[in-house]
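This report concerns only the one structure given below.
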Amino acid sequence: MVREVLAQGRADSETELFGWVRTARHSKSLSFLELVDGSCMAGLQVVVEPSLPGYEGIRSLRTGCALRVSGRLVDSPGKSQSVELHAKDVELIGDVDDDYPLQKKRHSFEFLRTLGHLRFRTNTLGAVIRVRNSAAQAIHRFFQDRGFLWLHSPIITALDAEGAGEMFRVSTLDAGSPPRNDSGEVDFSQDFFGGETLLTVSGQLEAEIGALSMGNVYTFGPTFRAENSNTSRHLAEFWMVEPEMAFCDLDGDAELAEDFLKCVIRSILEDCPEDMAFFQQRIDEGLMERLDRVVSAPFERLTYTEAVEILEGSGRDFEFPVKWGVDLQSEHERYLTEEHVGRPVVVTDYPIDIKAFYMFRNDDERTVRAMDVLVPGVGEIVGGSQREHRLEVLRERLRHHGLSEERYGWYLDLRRYGSVPHAGFGLGFERLVQFVTGMANIRDVIPFPRVPGNAEF
RNA sequence: UCCCCGGUAGCUCAGUUGGCAGAGCAAGCGGCUGUUAACCGCUGGGUCGUAGGUUCAAGUCCUACCCGGGGAGCCA
């Protein structure tokens, strides 16, 4: 691979490589081919002399051609690379038609999104895919090092996770004329699973089952929301990381979230220095400084009540006025993390009426032990809470939300049989990749974005 | 779903008060003694998003629709 050759290639060694031409420069007496293979940002410069048999064919090579190249690695007299390959044999494996749409110039991300099968070949998407890979590995390593078990929560589910979002239905019924019951409603008892099933919006409830049996667990897999969201921060299919810890309160949860973000970011910086340098240089000038502030300083901790006081005292004229009891808007979160502290902020203890039924009720009975981690540029990257583990309080909360005890029977069972305080959070994997790379649009940090109106491939 | 902006050559864009459709890059051909998004010359390349309308005349003005982007809401 190019990565190996550049990292450890010794001058005067023989080597063979497979890859694609990124750029080809021909002069009268020489041809220069930049060969890339996806293993790293940089390409290897291949120098071809006219004395090589078949040199006429080399002159028609251009961006996109697939090649096998063998030759001798030598110190490069050029400025932009330390070694280069002097070709002894060049085989054209796959030619490109002359309407190849990728050029050796900057393309807009909008245009590249229309070429979902070719955009992987660009510097930026290549770097994103490598950083994404590195981030996924770092996430597993973080949890594995701490004894968390990877729990494979189901993708097809009958739970709606209490209104986390609109859901996609999974069904094998005839969409044109589904069976109906006496009252004219679709009869899902005749469906594949004998009942209505949906794509998961969260593995949290299943993770609680895991945590209350195995201690510390995490889920890491695809998640689906059928919301008609058209923003640079939302996908209909995205990956989510959801740790859940038994014998743990919100403080432990917030601590884990902070350690987690710092560890994963450090790991990526170490693992992908070239890709990160590219993002700093071409995508976001403030990237490294921002990431440094994340890994080097403690996150700010604020209660919701304190956050509201800060916002009220800011002298800012927000579009949505701040008032205790209403949820923080994007502009409020931005002000807190980007301007007030300039680092990630953990906001805790939100009003009970704007949060889900399963969150632990504080003694004041008007707030719950919920937290959001806000980061500059992206906003909410983590949302979590300590869960309500007290049977009677949970029953009361269910009643208050108009939810039936029968439906949540198994959830109540977990509180009847050896219940313990437990807590967890959900992290949007693509939002993490966005934050780490500085990419503006979430559609450019996932290989195959699914958004309203588009699910190509 | 709502608000704002945009759609002109393969790509990135310019196009003035309504008056002959433009540039750079890419492609094709030629040149160039080691290039770095190489460079230099020449050539080809257009249903101006779609459908209507106003006008002697529409890329330009009006209406509707489609698509894209930014912001908001929903959230991760």
Side-chain angles (χ1 to χ4, degrees), chain A residues 22-34 42-50 59-60 62-64 74 76-81 84 86 96-115 118 122-123 161 163-166 200-204 219 222-242 257 282 318-320 327-334 354-356 372-375 378-384 425-435 440-446 451-454:
Chain A
R22 169 59 53 77
T23 74
R25 297 178 291 273
H26 306 283
S27 69
K28 190 174 188 182
S29 63
L30 279 178
S31 287
F32 297 90
L33 310 173
E34 189 185 345
L44 181 68
Q45 174 158 286
V46 177
V47 184
V48 190
E49 305 213 11
R59 294 197 70 87
S60 62
R62 54 166 172 259
T63 303
V74 301
S76 174
K79 284 182 180 165
S80 307
Q81 61 279 322
E84 62 188 24
H86 281 205
V96 294
D97 287 350
D98 59 18
D99 59 354
Y100 188 56
L102 295 180
Q103 301 162 19
K104 36 193 173 186
K105 57 165 271 193
R106 185 182 178 82
H107 289 291
S108 69
F109 292 121
E110 294 86 342
F111 171 64
L112 292 173
R113 270 174 231 143
T114 69
L115 298 171
L118 297 176
T122 63
N123 282 334
E166 291 296 311
T200 185
V201 290
S202 164
Q204 181 204 315
T219 71
T223 309
F224 307 86
R225 303 277 164 91
E227 298 287 350
N228 190 12
S229 297
N230 294 288
T231 81
S232 55
R233 305 184 308 283
H234 289 86
L235 293 163
E237 176 183 298
F238 63 100
W239 283 56
M240 191 147 67
V241 180
E242 295 178 287
R282 295 291 185 88
F318 293 112
E319 191 187 340
F320 296 92
D327 211 353
L328 300 179
Q329 305 289 319
S330 284
E331 56 175 341
H332 305 142
E333 297 180 344
R334 270 215 149 82
I354 59 173
K355 289 292 182 181
D372 282 350
V373 179
L374 313 176
V375 296
V378 172
E380 184 183 341
I381 197 168
V382 163
F425 64 77
L427 166 119
F429 182 59
E430 283 74 18
R431 288 195 183 168
L432 176 67
V433 178
Q434 245 190 307
F435 181 63
N441 196 312
I442 201 165
R443 298 167 195 208
D444 301 321
V445 298
I446 187 167
V451 295
N454 200 341

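Because the structure is predicted, anything quoted here is derived from the model rather than measured. Quick note on labels: first sequence line is chain A, next is B, and so on, each numbered from 1.
- Remark: the S229(A) side chain and the rC74(B) base include a donor-acceptor N/O pair separated by less than 3.5 Å.
- Atom C1' of nucleotide rG70(B) and atom CD of E110(A) are separated by 10 Å, given to the nearest angstrom.
- Atom CZ of R113(A) is separated from atom P of rG68(B) by 10 Å (rounded to the nearest Å).
- Partner assigned to rU63(B) is rA51(B), using Watson-Crick or G-U wobble distances below 3.5 angstrom.
- Using a 4.0 Å heavy-atom distance criterion, N441(A) is classed as a sugar-phosphate-only contact.
- Pairing partner, rG68(B): rC5(B), with both Watson-Crick or wobble hydrogen-bond distances short of 3.5 Å.
- Between the P atoms of rG15(B) and rA72(B), the separation comes to 29 Å (whole Å).
- When rounded to the nearest whole Å, the span between CZ of R431(A) and P of rC74(B) equals 12 Å.
- R233(A) comes within 4.0 angstrom of a nucleotide base, judged by non-hydrogen atoms across all strands.
- With C1' as the reference atom, rG22(B) and rG59(B) are 12 Å apart, rounded to whole Å.
- Going from the C1' atom of rU33(B) to that of rC40(B) covers 15 Å, rounded to whole Å.
- Under the Watson-Crick or G-U wobble criterion, with both distances below 3.5 Å, rG41(B) is paired with rC29(B).
- With the nearest nucleotide of RNA chain B identified for both A236(A) and T23(A), T23(A) has the one nearer the 5' end.
- Applying the 4.0 Å criterion to OP1 and OP2 of rG71(B), one finds that S232(A) has a side-chain N or O inside that range.
- For E237(A) and T223(A), the side-chain atoms include no donor-acceptor pair closer than 3.5 Å.
- Nearest nucleotide to the R25(A) side chain, out of rA72(B), rU35(B), rG70(B): rU35(B).
- Taking atom P on both rG44(B) and rG18(B), the two are 33 Å apart, rounded to the nearest angstrom.
- Going from atom CD of Q329(A) over to atom C1' of rC3(B) covers 15 Å, rounded to whole Å.
- Among the heavy atoms of the strands lying under 4.0 Å from R106(A) is at least one base atom, whether or not backbone atoms are also near.
- With contacts defined as side-chain heavy-atom distances shorter than 4.5 Å, the pair F224(A)/V201(A) does not qualify.
- Going from atom CD1 of I442(A) over to atom C1' of rG70(B) covers 16 Å, rounded to whole Å.
- Using Watson-Crick or G-U wobble geometry with both donor-acceptor distances under 3.5 Å, rA23(B) finds its partner in rU12(B).
- For the C1' atoms, the distance linking rA64(B) with rA26(B) amounts to 36 Å, nearest Å.
- Here the CG atom belonging to L374(A) is positioned 7.5 Å from the CG atom belonging to L328(A), to the nearest 0.5 angstrom.
- Taken from CH2 in W239(A) to OG1 in T219(A), the straight-line distance is 10.5 Å, to the nearest 0.5 Å.
- Rounding to the nearest 0.5 angstrom, the gap separating the CG atom in L112(A) from the NE2 atom in H107(A) is 6.5 Å.
- We find the CD-CZ distance between Q434(A) and R443(A) to be 11.0 Å, quoted to the nearest 0.5 Å.
- Side-chain atoms of R22(A) and N123(A) form a donor-acceptor pair, as typed in the model, at a separation below 3.5 Å.
- Note on S31(A): nothing from the nucleic acid sits closer than 4.0 angstrom, heavy atoms only.
- Distance CD/Q329(A) to CD/E319(A): 8.5 Å, rounded to 0.5 Å.
- Listed by chain and residue number, Y55(A) satisfy the side-chain hydrogen bond (donor to acceptor under 3.5 Å, both in side chains) test with R59(A) (two or more places apart in sequence, or in another chain).
- In this structure, the nucleotide among rA76(B), rA38(B), rU12(B) sitting nearest to the side chain of R225(A) is rA76(B).
- The side chain of H107(A) has rC11(B) as its nearest neighbour among rC11(B), rC74(B), rA72(B).
- Interatomic distance, I446(A) CD1 to F429(A) CZ, rounded to the nearest 0.5 Å: 9.0 Å.
- Across all strands shown, V382(A) has heavy atoms under 4.0 Å from sugar-phosphate atoms exclusively, and none from any base.
- For the pair E242(A) CD and rA76(B) C1', the interatomic distance rounds to 9 Å; values are reported in whole Å.
- In this structure, rG73(B) forms no base pair with any nucleotide, since neither Watson-Crick nor G-U wobble geometry is met with both distances under 3.5 Å.
- Both F429(A) and N454(A) sit near RNA chain B, but only N454(A) has its closest nucleotide nearer the 5' end.
- Listed nucleotides: rA76(B), rG69(B), rA27(B). Nearest to the side chain of R443(A): rG69(B).
- The distance from atom CD of E380(A) to atom P of rA76(B) is 6 Å, rounded to the nearest whole Å.
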All N/O contacts under 3.5 Å from nucleotides 29-34 of chain B to the protein, with atom names and distances to one decimal?
{"unit_1": "rC32(B)", "atom_1": "OP1", "unit_2": "K28(A)", "atom_2": "NZ", "d": "3.2"}
{"unit_1": "rC32(B)", "atom_1": "N4", "unit_2": "R59(A)", "atom_2": "NH2", "d": "3.0"}
{"unit_1": "rG34(B)", "atom_1": "OP1", "unit_2": "S27(A)", "atom_2": "OG", "d": "2.8"}
{"unit_1": "rG34(B)", "atom_1": "N1", "unit_2": "E84(A)", "atom_2": "OE2", "d": "2.7"}
{"unit_1": "rG34(B)", "atom_1": "N2", "unit_2": "Q45(A)", "atom_2": "NE2", "d": "3.4"}
{"unit_1": "rG34(B)", "atom_1": "N2", "unit_2": "E84(A)", "atom_2": "OE1", "d": "2.5"}
{"unit_1": "rG34(B)", "atom_1": "N2", "unit_2": "E84(A)", "atom_2": "OE2", "d": "2.9"}

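- Among the nucleotides rC75(B), rU36(B), rC74(B), the one closest to any side-chain atom of S80(A) is rU36(B).
- A side-chain donor-acceptor contact under 3.5 Å links E242(A) to the backbone of G203(A).
- Within the nucleic acid shown, L235(A) comes within 4.0 Å of at least one base atom, counting heavy atoms only.
- Across the C1' atoms, rG31(B) and rA21(B) are found 31 Å apart, a figure rounded to whole Å.
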Expected rows: protein N/O vs nucleotides 5-10 of chain B N/O, under 3.5 Å:
{"unit_1": "rG10(B)", "atom_1": "N2", "unit_2": "Q103(A)", "atom_2": "OE1", "d": "3.0"}
{"unit_1": "rG10(B)", "atom_1": "N2", "unit_2": "Q103(A)", "atom_2": "NE2", "d": "2.8"}
{"unit_1": "rG10(B)", "atom_1": "N3", "unit_2": "Q103(A)", "atom_2": "NE2", "d": "3.3"}

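- Separation of the P atoms belonging to rU63(B) and rA23(B) is 33 Å when rounded to the nearest angstrom.
- Atom name P, nucleotides rG34(B) and rA38(B): the rounded distance is 14 Å, in whole Å.
- Remark: C1' of rU35(B) and CG of L44(A) are 14 Å apart, rounded to the nearest angstrom.
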- Item | Residues E227(A), H234(A); criterion side chain to side chain contact (heavy atoms under 4.5 Å, CB included); working and verdict | CA-CA 9 Å; E227(A) 298 287 350; H234(A) 289 86; over 6 Å; no
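- Taking the side chain as every heavy atom from C-beta outward, T23(A) and L33(A) never approach each other to under 4.5 Å.
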